[in-house]
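Step one of this worksheet: look at the structure below.
Quantities reported herein were computed from a predicted structural model and do not represent experimental measurements.
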Amino acid sequence: MRKTTLLAVAGATAMVTGFAAQTGTARAAEQCGDISIAQMNWAAAEVTTNIAKFMLDQGYGCNTSLVKSDTIPAITSIAENGRPDVVTNLWLNSAGDAYKKLESEGKIKRVAKTLQPGGVEGWWIPTYLAKEHPELKTIEGVMAHPDWVGGTFNNCPDGWGCRVVSDNLIKALDLKSSGIEVFNHGSGQTLASSIGSAFADKKPWFGYYWGPTVVMGNYDMTRVKLGDYDKAKFDNLQNKDASNPQVSDFPAAPVLTSVTSDFADTHPAETEFFSKMSFKTDTMSKLLAWQDENKASGEETAVYFIKNYQDTWKNWLDADAQKKLSKLIGG
């Protein structure tokens, strides 16, 4: 399956290369110029930004660069340097007051929900563990039986917005007093691998995760109830080293695309594109599953999406860009 599918991808990629060679940087400079997009360090963000880059470069004549980043560093960079121009896959629940400050200062504006209806995040255990020990469906049950979850909480990596929230929740719950140790993962890859390893041997696992992701599609997980969602409490949890943090569960997560105000002023056509670029959450999960099954890159997955989901993306583009991409891929 991989060979056949990626042969099709390779053909589409060759068309992209040929088209880029014909248009070149002269057209990019004339029509659109340079655009920078923050590429967050998770699979859905990588796929999203590669799709955006393909469409901007080939449809609008842009010269798009993808800047590897994470939530907090991207927001900090915009505050200090006014760049990158675009931040997509921005989980608002993890962005904290720093993002709200940028909006209030008029430096950035949200233009779309990257995912519809949005993302899910929280603290989870494997469903096989929940079936064996139903008490573990609540944080009180987890803390009363730390050995049942392996005595470990698998925390978010450094630099992720969820790390701020989870660190504050750990403090608010006094989680360590129950005998549960906190393991701070160094990357999203090790966090995902820890879940895969647990499922392989049906071992306990307890920690943070989110969707849409390949992991949540591949493994049956049960969310641990932390309590009711309280907006005021959760708003405080989003701030690093929050004073007097209180327990709140994670709300449904808006996942945004935002652009700097300068970009919106100088690139109205491209801003309009970003205002329409939105994926159904289950569509993104399917793309991530395809990517994982085929061991495909973000670029290959973008081409797969563009060739197979034309009814989804055609309405994102203006008439001229739509015509160019349809001609390019033979649609």
Trp91 vs Thr71, side chain to side chain donor-acceptor pair (under 3.5 Å): CA-CA, chis, key distance, verdict: CA-CA 8 Å; Trp91 287 59; Thr71 304; over 6 Å; no

Answer yes or no: is there a side-chain heavy-atom contact under 4.5 Å between Leu115 and Met284? yes

Residues two or more places apart in sequence or in another chain: which of them pass ring-ring contact (aromatic ring centres under 6.0 Å, His included) with Phe206? Trp123, Phe153

Look at Asp320 together with Lys324 and state whether they make a salt bridge at an N to O cut-off of under 4.0 Å. yes

Could you go through the side chain to side chain donor-acceptor pair (under 3.5 Å) check for Thr127 and Tyr219 one step at a time? CA-CA 9 Å; Thr127 296; Tyr219 301 114; over 6 Å; no

Between Glu181 and Lys176, does any side-chain N to carboxylate O distance fall below 4.0 Å? no

Between Val224 and Phe183, is there shared hydrophobic-cluster membership here, with clusters defined by ILVMFWY side-chain heavy atoms closer than 4.5 Å? no

Check step by step if side-chain contact (heavy atoms from CB on, under 4.5 Å) holds for Phe273 and Leu56. CA-CA 9 Å; Phe273 160 74; Leu56 288 169; 3.8 Å; yes

Stepwise side chain to side chain donor-acceptor pair (under 3.5 Å) check, His185 with Asn154: CA-CA 7 Å; His185 282 270; Asn154 290 272; 2.9 Å; yes

Regarding Asn89 and Thr114, is there a side-chain donor-to-acceptor distance under 3.5 Å anywhere? no

Close side-chain approach of Ile108 and Val259, heavy atoms under 4.5 Å: no

Between Asn50 and Thr301, is any pair of side-chain heavy atoms under 4.5 Å apart? no

Okay, side chain of Ser258, backbone of Val87: is any donor-acceptor separation there less than 3.5 Å? no

Under a 3.5 Å cutoff, is there a donor and acceptor pairing between the side chains of Asn155 and Asp167? yes

For Tyr304 and Trp290, I'd like to know if the aromatic rings sit close, meaning centre-to-centre distance below 6.0 Å. yes

Donor-acceptor under 3.5 Å (Asn239 side chain, Ala242 main chain): no

Interatomic distance, Ile35 atom CD1 to Cys62 atom SG [nearest 0.5 angstrom]: 3.5 Å

Check ion pair Arg83-Asp85 (N to O, under 4.0 angstrom): yes

Taking NZ, NE, NH1 and NH2 as the nitrogens, is one of them in Asp235 or Lys100 under 4.0 Å from a carboxylate oxygen of the other? yes

Count the heavy atoms belonging to other residues, nucleotides or ligands that lie under 6.0 Å from CD of Glu103, then report whether that count exceeds 12. yes

What I want to check is whether the side chains of Thr88 and Thr48 have a donor and an acceptor closer together than 3.5 Å. no

Do any side-chain atoms of residues 38-45 form donor-acceptor pairs under 3.5 angstrom with protein atoms, and if so which ones, sequence neighbours left out?
residue	atom	partner	partner atom	Å
Gln39	OE1	Thr49	OG1	2.8

If we count only N and O atoms by modelled type, under 3.5 Å, do the side chains of Asn244 and Gln246 hold a donor and an acceptor together? yes

Non-hydrogen side-chain atoms of Ile139 and Val142 separated by less than 4.5 Å: yes

Could you give the side-chain donor-acceptor pairs of residues 209-218 under 3.5 Å, partners two or more places apart or in another chain?
residue	atom	partner	partner atom	Å
Thr213	OG1	Trp210	O	2.9
Thr213	OG1	Met216	N	3.1

Is the shortest heavy-atom distance from the side chain of Cys32 to the side chain of Asn63 under 4.5 Å? no

Going by the angle between their ring planes, with limits at 30° and 60°, are Trp316 and Phe305 parallel, tilted or perpendicular? parallel

